[in-house]
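What follows is a set of notes on a single structure, which appears directly below.
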Amino acid sequence: MDTISENRCFGGTQGVYSHASKATGTDMTFGLFLPEEAANGPVPLLWYLSGLTCTHENAMTKAGAQAWAAAEGIAIVFPDTSPRGDGVADDDAYDLGQGAGFYLNATEAPWAEHFQMERYILEDLSDLLFSEFPLDADRQGITGHSMGGHGALTLAAKSPGRFRSVSAFAPICNPTAEAWGQKQFEAYLGSVEAGRTHDATLLVETGALDGVPLLIDTGTDDQFGDFLKTEALAAAVAKRRLEATIRLQKGYDHSYFFVSSFMEDHVAFHAEALWA
């Protein structure tokens, strides 16, 4: 692991690091905020998964999460959204290829060689974080925005018992039923049908998130609202009678102005579960 930068931040440290990933076969970069309490021992960890076109840097610099994490004494990790580099497959479209890993393990050429983001998050980066930093592996929460909200919901569903809390900002909720998902599943997995195990709504219907508290925020003026299918996830949550709060925030769109407006609520939501 190499240290790219470390800066004092709200009494703690905002670092940026790179490492050679076995999962992706590339060097990967991530940001990690550690509150001052980490100097005295392991602290809870909140994962923040970013959306399409983002790197580790977008949420780290725009979401305003560090102030609230410092107040609650929890760490936040900001992974990249895909493998990158000259030898990594890419596409001219913004929603496929580099910057658009969709938090799954690709099975189809040319993507399968490097696009192993599910394994990267749940295994590779996790192993590094808990071996190199004072983090409590028994106290993890996960959140994300847009494609990252999809990732937060689906990775939590695939890891029963690992995450104490799950939240999302404008998540892609039902990707097998919309353009954001169908295109990617066909490319990365070979078919939309194969994407059913990466669809948050369908996973909720199976009971995969039973017992995990959920918080979802989406703006009523989200310009990508038709792609998100919030109503499908809400129906599945209601059918399962899950402990969940799904809020439609009047006038908000899909931007980081929206994310930063409700970041305090999300960090507090996770802190309550992580410190319980």
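Reckoned from all heavy atoms, side chains included, excluding hydrogens, waters and symmetry mates. Nothing fancy with the numbering, it's 1 onward along the sequence.
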Asp90 vs Arg84, salt bridge (Lys or Arg N to Asp or Glu O under 4.0 Å): CA-CA, chis, key distance, verdict: CA-CA 9 Å; Asp90 201 7; Arg84 300 179 189 272; over 6 Å; no
Which pair of heavy atoms, one from [X] and one from [Y], lies closest together, and at what distance?
X	Y	answer
Val204	Arg240	O-CG, 3.3 Å
Thr55	Asp80	CA-OD1, 3.3 Å
Gln98	Val88	NE2-O, 3.1 Å
His266	Ser167	ND1-OG, 2.9 Å
Ser82	Gly101	CB-N, 3.9 Å
Pro175	His150	CG-ND1, 4.2 Å

Hydrophobic cluster identity match, Val212 and Leu122, side-chain contacts under 4.5 Å: yes
ILVMFWY cluster, Val166 and Ile74 together (side-chain gap under 4.5 Å): no
Test log, rule ring-ring contact (aromatic ring centres under 6.0 Å, His included), inputs Phe133 and Tyr17: CA-CA 12 Å; Phe133 297 98; Tyr17 310 92; 5.2 Å; yes
Taking the inter-plane angle between the rings of [X] and [Y] on a 0 to 90° scale, is it parallel (under 30°), tilted (30 to 60°) or perpendicular (over 60°)?
X	Y	answer
Phe169	Tyr48	tilted
Phe102	Tyr188	tilted
Tyr252	Phe258	tilted
Phe227	Phe224	parallel

With no hydrogens and no angle check, do the side chains of [X] and [Y] hold a donor and an acceptor under 3.5 Å apart?
X	Y	result
His270	Ser165	yes
Gln223	Asp253	no
His56	Ser50	no
Gln66	Gln14	yes

To the nearest 0.5 Å, how far apart are [atom1] in [X] and [atom2] in [Y]?
X	Y	atom1	atom2	result
Leu104	Trp111	CG	CH2	11.5 Å
Leu189	Glu108	CG	CD	7.5 Å
Ile216	Cys173	CD1	SG	6.5 Å
Tyr256	Thr61	OH	OG1	8.0 Å
Lys158	Leu209	NZ	CG	11.0 Å

Trp68, CH2 atom: more than 12 neighbouring heavy atoms under 6.0 Å: no
Flag if over 12 foreign heavy atoms under 6.0 Å of CZ, Arg162: yes
Presence of salt bridge, Asp124 and Lys22, under 4.0 angstrom: no
Pair Asp221 + Lys250, salt bridge at N-O below 4.0 Å: no
Are the side chain of [X] and the backbone N or O of [Y] linked by a donor-acceptor pair below 3.5 Å?
X	Y	answer
Arg8	Gly11	yes
Arg119	Thr24	no
Glu6	Val16	no

ring-ring contact (aromatic ring centres under 6.0 Å, His included) evaluation trace for His145 with Phe257: CA-CA 12 Å; His145 174 225; Phe257 297 111; over 10 Å; no
Non-hydrogen side-chain atoms of Phe78 and Met60 separated by less than 4.5 Å: yes
